[in-house]
Every structure is written in structure tokens, then in C-alpha cells.
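The structure appears right after this line, and notes come after that.
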Amino acid sequence: MANRERNKKILLELVKQPVNSRCADCGAPDPDWASYKLGVFVCLNCSGIHRSLSSRVKSIKLDFWEDELVEFMKSNGNGSAQALYEKAVPAYYYRPQENDCLVLREQWIRAKYERMEFTGETKYPPLSYTTGFYEGMLWKKGKENTQFLKRKFVLSEREFTLTYYNKENESKGPKAVISIKDLNATFQPEKIGHSHGLQITYQDDDHTRSLYVYHESAEEIVTWYNAIRAARYAYLKTAYPTGSDEELIPKITRSYLKEGYMEKTGPLQKEPFKKRWFILDSQNRKLLYFKGQLDAEELGVIFIGTENKGYSVKECVPKHARGNKWKCGVMVETPERQFVFMCEQEREQREWLDALRQVLHRPMTPQDYTIEANIKYKR
């Protein structure tokens, strides 16, 4: 019993050290599990992934630890493991955070410890996402229907393009050649209804176009994601030659700050309310709305500027409430007009207000003024 308590105390002291105080894989604070095969401290969620890989894990607080395992943890730890298993992670490779979807966290763990992709040794054949060219089949949702069909995709870093073909027969040419310039990719498993679901968005004339794709293989879809990130990184290095990695890496791909349904009325605020799917793209300061959550194109877009430019966000109660079932109002005011939206619950209302204010309070960049001008011009 004395050994059990002593070993538990040693482990709790080890996990308080700054290098061990966050999960070795997703960065979650206060990890309370450990892999005694690898010598790393991990959170509960990542411990489950390690267990599925046959990596031996124990709870720091609940399990019995033998003396030799405690010594092993003392002589290793997260810092030693990162020096070995993360020695050569490419700058563009996405390092998952604690709230990221399972497929990203699982493939990061597999890439590090199982496939040993980042130890700095020369790989032959080279890792697919490092070659600047990638092609393969993905299941893609049809533009007008919910059916997913297999389509060939080709990514070229040299051309800065992502191309896809509608039919197996390539002689008819590509369905679309997409510039990497405005392309974004983000995992959307719940929205797409597949654990490997990926949303790809890009600018197509006056619209933001969305493709919804997946692959049966978790490794394959994450390879596609990081290959896209590699091409985006190469583009940004070319477009902003003096930009540092600290500036460029957050611009490679992004998740959306907030998504969900709200009811929307028209410019007179007397029109019937209609349920719409909204996406807040914080990086581009755009609030986009769609008829449905898997639509290929948005119905409209609202630019979110700053208060000193005539933009504001506040709670509201609509004067004329025709057809709205929801009661928690949000008003977005722009120099041109007021937009009134209704949320189903107060929690949703608070989340939308907080997210919109986060964008509102951020100073505008020269690129933001260009986006604002383009949106006004399109109207």
C-alpha cells in the first residue's frame, strides 16, 4: 500500500512539470493517463486512441503502478517523446487540438508512434503529402442532391490547383479547376454525416462554393487534408515571401468560428422569417447563410466590420414577427441595413453574440477592406 501511494505521488509530481502538464498528443491541460509503453502523459480521449493501438495505458490516479513503470515514466516523459517522435513535423502538417474531431487526433497519433512519420529519417517512397502532387478518388456529394458519388481529384502544388472530374472518363476534361488561392478545408463529420467528412470551400465568381467529400480510409482523408495544407503553405510562401511561419500557418486552413441554424427576415423586417444555416468565417469576416447546411452555394453574405465603421451586434426583439418560431433575437447592423436573426435558445443567442463580437472587435486589415469592397460591389 505504501508503494502504491508513493508511486501515485511521484506520478502526480511528474505530471505537474511544465513539459508533462499538457497531453502529449492534443495539448489538453492536466492529463491524468499515461502510456507506459511510450512514456507519455495523455488525456482521457487520447488514452482511448492509444489503447486501440495496443499501446499500454494506465490511469495515474486509479491504477496500480509498479516501481519499474514509474521509473520508466521518470526517465522519459512528454519532452523526450516529442524530441523523438515529432523531430521533423512539417510546418504545414496539422497538429490537432483537444476539441478536434477523432479522425484528426487518431491519425496524428498513428502517424507519430505507429508509422514514425516525423523522426527525421528519409522515407521511401516519400510520404504522399510531401511530394507536391496527389491524386485519388473521393466520395463527393452532388450539387443538387444528397447522393455521394466517387470522383477523381488531382492536387498540384506546382499549378496551385485542385482539379476534380465528374466521370471516370477524363477525356471530357475536368468538372472544375480550383485555385489554391482562396481554398479552405475543414473536417465536418457531424454535418456531412460521415466520420471522415471534409468540407472544401473556394471562391467561384461571386459565390463561395462548397464541396463535401469523404474517403472510407481515415489515413487517406487526413493525407488529403495535409496535402491540401502543404499546397496552401507553398502558395502563401509565394504570395507573402517575407511572411514568417507564425503569420502564415494560421492562414493555411481554418475552422469556422460558429455554425448553426437561425431564422432570418428580410430588409423591411416585415417579411416572414425563414430558417437558414449560417456560417461565421472569422478570418474573412463573413457571415454566410444557406438554405440548407449542405448547400453548394450561399444565398447571401454579410460582412462584419468594426464599430467605428458603422457595424454593430446586439440582442433584439423584432417589431414584426411573422412566421418566426424562435424568440431569441440577434441584430447585426451594417452601414447599409439591419439584419434580424432569431435563435431557438438563449444559449445559441449568447454564442452567436459572443462570436460576432469577437470579429467586430478585431481591427481590420488591408485584406479585410478589399473583401468588404468586393461584397458591396456584388450587391
Side-chain angles (χ1 to χ4, degrees), residues 92 94 96-97 99-108 129 134 136-155 161-164 166 175-205 207-233 235 250-262 276-301 355:
Y92 55 77
Y94 186 73
Q97 306 299 303
N99 295 321
D100 279 315
C101 61
L102 176 62
V103 69
L104 274 172
R105 290 183 289 110
E106 182 202 351
Q107 287 305 308
W108 168 237
Y129 52 81
Y134 198 56
M137 305 296 286
L138 293 172
W139 290 94
K140 175 190 165 292
K141 180 189 168 292
K143 184 177 178 181
E144 307 296 341
N145 57 50
T146 57
Q147 192 176 10
F148 281 79
L149 298 168
K150 263 191 175 178
R151 297 292 181 240
K152 181 177 179 180
F153 282 76
V154 179
L155 178 71
T161 56
L162 176 67
T163 302
Y164 76 91
N166 241 6
K175 174 67 176 175
V177 180
I178 302 161
S179 168
I180 292 291
K181 178 177 179 285
D182 297 306
L183 187 141
N184 185 48
T186 183
F187 276 94
Q188 297 274 22
E190 289 181 18
K191 190 159 88 170
I192 293 172
H194 194 285
S195 57
H196 307 159
L198 189 68
Q199 180 177 352
I200 296 169
T201 55
Y202 61 96
Q203 288 302 120
D204 182 21
D205 295 327
H207 287 280
T208 300
R209 180 89 159 84
S210 292
L211 307 178
Y212 303 96
V213 300
Y214 71 85
H215 196 282
E216 299 94 332
S217 160
E219 183 180 350
E220 181 73 6
I221 198 67
V222 175
T223 296
W224 267 107
Y225 179 62
N226 281 302
I228 288 169
R229 283 180 59 86
R232 280 277 304 152
Y233 179 67
Y235 166 77
K251 297 178 186 291
I252 298 176
T253 58
R254 62 198 181 277
S255 297
Y256 299 119
L257 188 56
K258 173 84 179 136
E259 290 188 68
Y261 280 111
M262 290 192 285
R276 297 290 182 244
W277 180 263
F278 285 81
I279 291 177
L280 180 56
D281 183 354
S282 168
Q283 186 168 302
N284 287 335
R285 308 185 78 108
K286 288 180 180 180
L287 180 63
L288 303 113
Y289 56 94
F290 304 77
K291 191 172 182 180
Q293 60 180 337
L294 292 180
D295 285 2
E297 291 179 356
E298 82 279 20
L299 292 174
V301 58

Taking C-beta and beyond as the side chain, do I279 and Q199 meet within less than 4.5 Å on heavy atoms? yes

From M137 CE over to L149 CG, what is the distance, rounded to the nearest 0.5 angstrom? 10.0 Å

Under 3.5 Å: donor-acceptor pair, side chain of N226, backbone of Y94: yes

Could you pull out the closest heavy-atom pair between T253 and N184, with the gap in Å? CA-OD1, 3.2 Å

Measuring from atom CD of Q97 to atom CG of L104, what distance do you get when rounded to the nearest 0.5 angstrom? 10.5 Å

Look at the side chain of Y261 and the backbone N and O of G292, then say whether any donor-acceptor pair between them is shorter than 3.5 Å. no

Check against side-chain contact (heavy atoms from CB on, under 4.5 Å), R254 and T186: CA-CA 7 Å; R254 62 198 181 277; T186 183; over 6 Å; no

Below 4.5 Å, heavy atoms only, C-beta onward: do I180 and L155 meet side chain to side chain? yes

Flag, side chain of R276 to backbone of M262, donor-acceptor distance under 3.5 Å: no

Side chains of I221 and L138: does their closest heavy-atom pair fall under 4.5 Å? yes

With the side chain counted from C-beta on, respond yes when W139 and I192 share a heavy-atom pair under 4.5 Å apart, and no when they do not. no

For K258, look at atom NZ and say whether over 12 heavy atoms of other residues, nucleotides or ligands are found less than 6.0 Å away. yes

With rounding to the nearest 0.5 angstrom, report the CZ to CD distance, F278 to E298. 12.0 Å

Inter-residue atom distance R151.CZ - K141.NZ, 0.5 Å rounding: 12.5 Å

Passes side-chain contact (heavy atoms from CB on, under 4.5 Å), V222 versus W108? Steps please. CA-CA 9 Å; V222 175; W108 168 237; over 6 Å; no

Working to the nearest 0.5 Å, report the span between CD of Q293 and OG of S210. 12.0 Å

Are side-chain heavy atoms of K286 and T208 found at a separation under 4.5 Å? yes

Counting only heavy atoms not in E190, do more than 12 sit closer than 6.0 Å to its CD atom? no

Taking the side chain as every heavy atom from C-beta outward, state whether L183 and Y235 have any atom pair closer than 4.5 Å. no

Over 60° means perpendicular and under 30° means parallel, so classify the ring planes of Y164 and F153, tilted if in between. parallel

Beyond-backbone contact of D281 with T201, side-chain heavy atoms, under 4.5 angstrom: no

Is a side-chain donor or acceptor of R232 paired with a backbone partner of K181 at a separation under 3.5 angstrom? yes

Are Y134 and W224 packed together at the side-chain level, in the sense that at least one heavy-atom pair is separated by less than 4.5 angstrom? yes

Which atom pair, heavy atoms only, marks the closest approach of P96 to R105? CB-CG, 3.8 Å

Strictly by modelled atom types, are E259 and Q188 linked by a side-chain donor-acceptor pair under 3.5 Å? yes

Determine the minimum heavy-atom distance between A227 and Y129, stating which atoms define it. N-CB, 3.7 Å

Any donor-acceptor N/O pair, R209 side chain to Y202 backbone, under 3.5 Å: no

Angle class for the F148/Y214 ring planes (parallel below 30°, perpendicular above 60°, tilted otherwise)? tilted

Check the pair K191, Y212 against side-chain contact (heavy atoms from CB on, under 4.5 Å), reporting the backbone distance first and the verdict last. CA-CA 10 Å; K191 190 159 88 170; Y212 303 96; 4.1 Å; yes

So how far is it from N166 CG to K152 NZ, rounded to the nearest 0.5 Å? 14.0 Å

With distance as the sole test, does H196 use its side chain to make a donor-acceptor pair with the main-chain N or O of H215 at under 3.5 Å? yes

